[in-house]
Amino acid sequence: MLLVAAMGQGLMSCESKDPPEVFTKHRPEFRELERRIRDSSNPYFGEQQVPEVRDQLAKPGLAPMDQIALRVRLGKELMRLGAVGEAIETIEGAFTVGKQAGLTLPAELHAWMGLVYFRQAEISNCIQRYNAECCIFPLEGGGVHQVDEPARRAGYHYLMFLDGLPGNLAARWMVNLSAMALGDFPAGVPEALRIPVRAADYDIKRFVNIAPEVGVGTFNLCGGAAAVDFDGDGWIDIMTSTWDPGGPLTFYRNRGDGRFDDVSTASRADDQLGGLNCQAADYDGDGDVDLLVLRGAWLAEDGRMRNSLLRNDAGKFTDVTHEVGLAEPAYPTQAAAWADFDNDGDLDLYVGNESSPEAGMPCKGQLFLNDDGKFTDVAARAGVANDDAKGVGLFCKGVAAGDYDNDGDVDLYVSNAGPNRLYRNKGDGTFDEVSRQAGVEGPTGRSFAVWFFDYDNDGWLDLFVAGYQGTLGDVVAGYLGLAHKGLAPRLYRNLGNGRFVDMAAEAGIQHPYLTMGASFGDLDNDGWLDVYLTTGDPEFDTLTPNVMLRNDRGKRFQDVTISGGFGHLQKGHGVAFADFDHDGDQDIYNQLGGFYPSDKFRNGLYLNPGHGNHFLHVKLVGTRSHRSGSGARIEVVVETPSGVVSMHRAAGSVSSFGGSRQRQEIGLGAATRIVRLKVRWPVSKTTQVFRDVPLDAMVRITEGAETLERLPLPTFQFR
């Protein structure tokens, strides 16, 4: 059943049938939306496919091959909805039908059998016997399956499939994973099928997943993550969403003693259901960080569900979407960026929508200007509607905001399934589209997460654009150095003259990672920004390790996935780098989970082991510029034993699928002292320079103030 037109406008006339005491005033709207999607043939959440296929199978006189095809289809739908045992019986029945009819069975039957058995292996081990090492590639220790029979059967069927199609790289990968799950790798894999585990390029030291111990391992589908101080107590909290239309937001309050409390209900965060992404920002400038929940991505016409802007009042959230003008019209999206595009001191909002003209949704981008907490869409007159020459909106998957030309106003980059767009802010309320002149239209195909950051510390914002196109086979081909059709990311280095050059090949990252979520931070506090790519696609067998790339002094990126323990095989989405324990280095929160109702997983929190380098945390307070300092530029110049080094950061510049950081956590490497700290403010156009800044400290800098303020930095050990 498709969503009615009223749902597309974010309005609900239906009343909830659930007990009224269970829900507050916002939940019935989202519960009704959930019911409508599930009571349909939606390819992700719909529940009508199973009875439809059962009806077809019940028809008399079906030819054996038709019975086999329908059984495979039914098994796939059952697995999608979580009935894995019944899926196994159904596909096994296809083998029986074929044998009784004397048919030569298609090899694909073994691939489906292998997949459903491996899914059973994951449920019996990684989910029902979850521990911190589950699904960390390569599977070792606690990642080896205690219930081993499902993985053994999966490996057998994939080998049978490869007998008929020996060149299938996806099946070859699954044979290797099955052997790892059994603790029998590499010996348990025929030599010709082995895929070697490549050693890490650099030993970053192990980051241990402590989510099970500290209470932040939400079990849900793919979603977003925001790590900021929501309640104003000085500690970084966690907010995480889920694509599941019936799944609530989860809000974890950092207690400051090594544990987190789930305060989702007390804060009213769990009034909100669904949301593939979320972005935090203080939209009303009152000092509390608010939250935008983005909905509808990948759901086509079923995705006409409104976003939610949640106003934060000391850790309590109120849905103000309608009253501020952000509820209508409702388009499917997961991509947005907060920035002060008109330099008036408050945060505006750009939302990149998914356009589906064939489904009657030629959606365009929306630029909402903020006027005293009320928003007006000016995208058309500003020239940032993200459409083609015919006026049809492009299919947007990522948005980034940053001042790439250092002229004092914030520019906009939009990544699409198609040509990407770079909009240069002219400072008069309009933008020029300059992607071709700047050389940043690629990658051609599906782009995804995108951000501005200064990866080479030269004072000019560079641009990372993830590629999201390919298959599991393409990813495996990349590991093996074989030809593939996957899409590699772009690492655009800013030349400082309005043009960029792609450095992905030189930096060693021209690989088909199949990136969904991603963000950046500083793993070892050396002052160079590193990159975490969380990977996968909706299919159950796309179990590819998430990838961590260490920035080696702006020259290349080293793959430290295995040495750091970051190679989680489950689908990765929202990523947040943050110093949760105030020990000076950044830990990483990783939102995990798939797209189908039965493909949930637990989120991870990777504890930084420390690397002995210095740091500086900077909290900006704008007076004329936005209160959070969004758009400000920071330069820290330090002395080190090897000479003077500069680090550059842009406040407010975060990934379109992770982060939301509000303070700058800057690694200083082997600094012996800070020579100077410089802040350039966007609205006042002023620059502050501070000397005698302490190492290993947190400071607050107020726009226009002559001195900075050192803040207390209490710490704790996770337990």
**Message:** Donor-acceptor pair, distance only, cut-off 3.5 Å: does the side chain of Arg172 make one with the backbone of Leu193?
**Reply:** yes

**Asked** Should the ring pair Phe260 and Phe718 be called parallel, tilted or perpendicular, given that the plane angle runs from 0 to 90° and is split at 30 and 60?
**Response** parallel

**Request:** Look only at the side chain of Asp237 and the backbone of Asn254, and say whether a donor-acceptor pair between them is shorter than 3.5 Å.
**Result:** yes

**Request:** Assess Arg295 against Phe30: is NZ or CZ under 6.0 Å from the centre of the six-membered ring, and within 45 degrees of the ring's axis?
**Result:** yes

**Request:** Would you please name every residue forming a ring-ring contact (aromatic ring centres under 6.0 Å, His included) with Phe45, sequence neighbours left out?
**Result:** Trp243

**Asked** Where the side chain of Asp530 meets the backbone of Leu523, is there a donor-acceptor pair that is under 3.5 Å apart?
**Response** yes

**Request:** To the nearest 0.5 Å, tell me how far Phe601 CZ sits from Tyr130 OH.
**Result:** 6.0 Å

**Message:** Walk me through whether Trp173 and Phe137 qualify under ring-ring contact (aromatic ring centres under 6.0 Å, His included).
**Reply:** CA-CA 12 Å; Trp173 175 259; Phe137 182 87; 5.5 Å; yes

**Request:** Check for a donor-acceptor pair, side chain of Arg80 on one end and backbone N or O of Gly46 on the other, with a separation under 3.5 Å.
**Result:** yes

**Asked** Within the side chain of Ser563, is there an N or O that forms a donor-acceptor pair under 3.5 Å with the backbone of Ile204?
**Response** yes

**Prompt:** Could you give all pairs that pass the ring pair (Phe, Tyr, Trp, His ring centres under 6.0 Å) test and reach residues 174-211, with sequence neighbours left out?
**Reply:** Phe207-Phe566

**Asked** Is there a side chain to side chain donor-acceptor pair (under 3.5 Å) between Thr242 and Asp244 once you walk through the steps?
**Response** CA-CA 5 Å; Thr242 174; Asp244 184 345; 5.2 Å; no

**Message:** Are Leu480 and Pro196 packed together at the side-chain level, in the sense that at least one heavy-atom pair is separated by less than 4.5 angstrom?
**Reply:** yes

**Message:** Which heavy atom of Leu472 sits nearest to which heavy atom of Ala170, and what is that distance?
**Reply:** CD2-CB, 3.8 Å

**Prompt:** Of the non-hydrogen atoms in Lys205 and Asp203, which two are nearest, and what is the gap between them?
**Reply:** N-OD1, 3.0 Å

**Message:** For a 4.5 angstrom cut-off between non-hydrogen side-chain atoms, does Ile88 reach Gln120?
**Reply:** yes

**Request:** Say whether, by atom type as modelled, one donor and one acceptor occur between the side chain of Arg550 and the main chain of Asp559 under 3.5 angstrom.
**Result:** no

**Request:** Can you label the angle between the Tyr468 ring and the Phe448 ring as parallel, tilted or perpendicular, going by 30° and 60°?
**Result:** perpendicular

**Asked** What is the minimum heavy-atom distance between Met79 and Ala87, and which atoms define it?
**Response** N-CB, 4.0 Å

**Prompt:** Got a second to check how far Gln49's CD is from Leu81's CG, nearest 0.5 Å?
**Reply:** 7.0 Å

**Gln717 atom CD, neighbour heavy-atom count above 12 within 6.0 Å** = no

**Item:** Partners meeting salt bridge (Lys or Arg N to Asp or Glu O under 4.0 Å) with Asp261 (sequence neighbours left out)
**Value:** Arg255

**Prompt:** What's the shortest heavy-atom distance between Ala179 and Val189, and which atoms?
**Reply:** CB-CG2, 3.5 Å

**Request:** Can you sort out the partners of Asp148 under side-chain hydrogen bond (donor to acceptor under 3.5 Å, both in side chains), two or more places apart, ordered by chain and number?
**Result:** Arg152

**Request:** Output yes when a side-chain donor or acceptor of Ser40 lies under 3.5 Å from a complementary backbone atom of Ile37, and no otherwise.
**Result:** yes

**Fill in**
To the nearest 0.5 Å, atom CZ of Phe657 lies from atom SG of Cys222 at 6.5 Å

**Item:** Distance-only donor-acceptor check, side chains Tyr589 and Asn603, under 3.5 Å
**Value:** yes

**Prompt:** Taking only residues two or more places apart in sequence, or in another chain, which ones meet Gln570 in a side-chain hydrogen bond (donor to acceptor under 3.5 Å, both in side chains)?
**Reply:** Glu122

**Request:** Kindly say whether Trp298 contributes a backbone atom to a donor-acceptor pair with the side chain of Glu354 at under 3.5 angstrom?
**Result:** yes

**Message:** Determine whether a donor-acceptor pair (N or O, by modelled atom type, separation under 3.5 Å) exists between the side chain of Gln469 and the backbone of Leu487.
**Reply:** no

**Message:** Could you check whether any side-chain N or O of Asn608 sits under 3.5 Å from a backbone N or O of Gln586, counting only pairs where one atom can act as donor and the other as acceptor?
**Reply:** yes

**Request:** Would you mind listing every salt bridge (Lys or Arg N to Asp or Glu O under 4.0 Å) that reaches into residues 564-574, with sequence neighbours excluded?
**Result:** Lys571-Asp599

**Message:** Please tell me whether Phe520 and Tyr532 form a close aromatic pair, meaning their ring centres lie under 6.0 Å apart.
**Reply:** no

**Request:** Nearest 0.5 Å please: distance from the OG1 atom of Thr265 over to the CG atom of Asp270.
**Result:** 3.5 Å

**Complete:** The residue among Thr561, Thr535, Thr534 that forms side-chain hydrogen bond (donor to acceptor under 3.5 Å, both in side chains) with Asn546 is Thr535

**Message:** With no hydrogens and no angle check, just 3.5 Å: does a side-chain donor-acceptor pair link Asn42 and Asp302?
**Reply:** yes

**Prompt:** side chain to side chain contact (heavy atoms under 4.5 Å, CB included) with Glu140: which residues, sequence neighbours excluded?
**Reply:** Pro138

**Prompt:** Once you round to the nearest 0.5 Å, how far does CD of Glu108 lie from CG of Leu115?
**Reply:** 13.0 Å

**Prompt:** Mind checking whether Thr515 and Phe464 have side chains closer than 4.5 Å, heavy atoms only?
**Reply:** no

**Asked** So, for Ala151 and Ala181, which heavy atoms are closest and what is the spacing to 0.1 Å?
**Response** CB-CB, 4.0 Å

**Request:** In sequence, state the C-alpha distance, the side-chain angles, and the governing distance for Leu482 and Val476, and then conclude on side chain to side chain contact (heavy atoms under 4.5 Å, CB included).
**Result:** CA-CA 8 Å; Leu482 303 176; Val476 177; over 6 Å; no

**Asked** What residues form a side-chain hydrogen bond (donor to acceptor under 3.5 Å, both in side chains) with Asn551, not counting sequence neighbours?
**Response** none

**side chain to side chain contact (heavy atoms under 4.5 Å, CB included) against Ala101, all qualifying residues, sequence neighbours excluded** = Pro64, Leu103

For residues 89-100, dump all side-chain donor-acceptor pairs below 3.5 Å to protein atoms at least two apart in sequence or in another chain.
| unit_1 | atom_1 | unit_2 | atom_2 | d |
| --- | --- | --- | --- | --- |
| Thr90 | OG1 | Glu86 | O | 2.8 |
| Glu92 | OE2 | Tyr117 | OH | 2.9 |
| Thr96 | OG1 | Glu92 | O | 3.4 |

**Prompt:** What are the two closest heavy atoms between Ala518 and Trp451, and how far apart are they?
**Reply:** CB-CZ3, 3.5 Å

**Asked** Does some side-chain heavy atom of Phe595 sit less than 4.5 Å from a side-chain heavy atom of His573?
**Response** yes

**Message:** Whether Asp39 and Arg35 form a salt bridge (side-chain N of Lys/Arg under 4.0 Å from carboxylate O of Asp/Glu) is what I want to check.
**Reply:** no

**Request:** Could you please spell out the steps behind the side chain to side chain donor-acceptor pair (under 3.5 Å) verdict for Asn220 and Gln591?
**Result:** CA-CA 9 Å; Asn220 57 17; Gln591 202 284 337; 3.0 Å; yes

**Message:** Rounded to the nearest 0.5 Å, what separates atom CZ in Arg31 from atom CD in Glu34?
**Reply:** 5.0 Å

**Item:** Contacts of type side chain to side chain contact (heavy atoms under 4.5 Å, CB included), residue Ser656, not counting sequence neighbours
**Value:** Ala449, Val450

**Asked** Residues two or more places apart in sequence or in another chain: which of them pass side chain to side chain contact (heavy atoms under 4.5 Å, CB included) with Thr250?
**Response** Thr218, Thr240, Tyr252, Asp262, Ser264

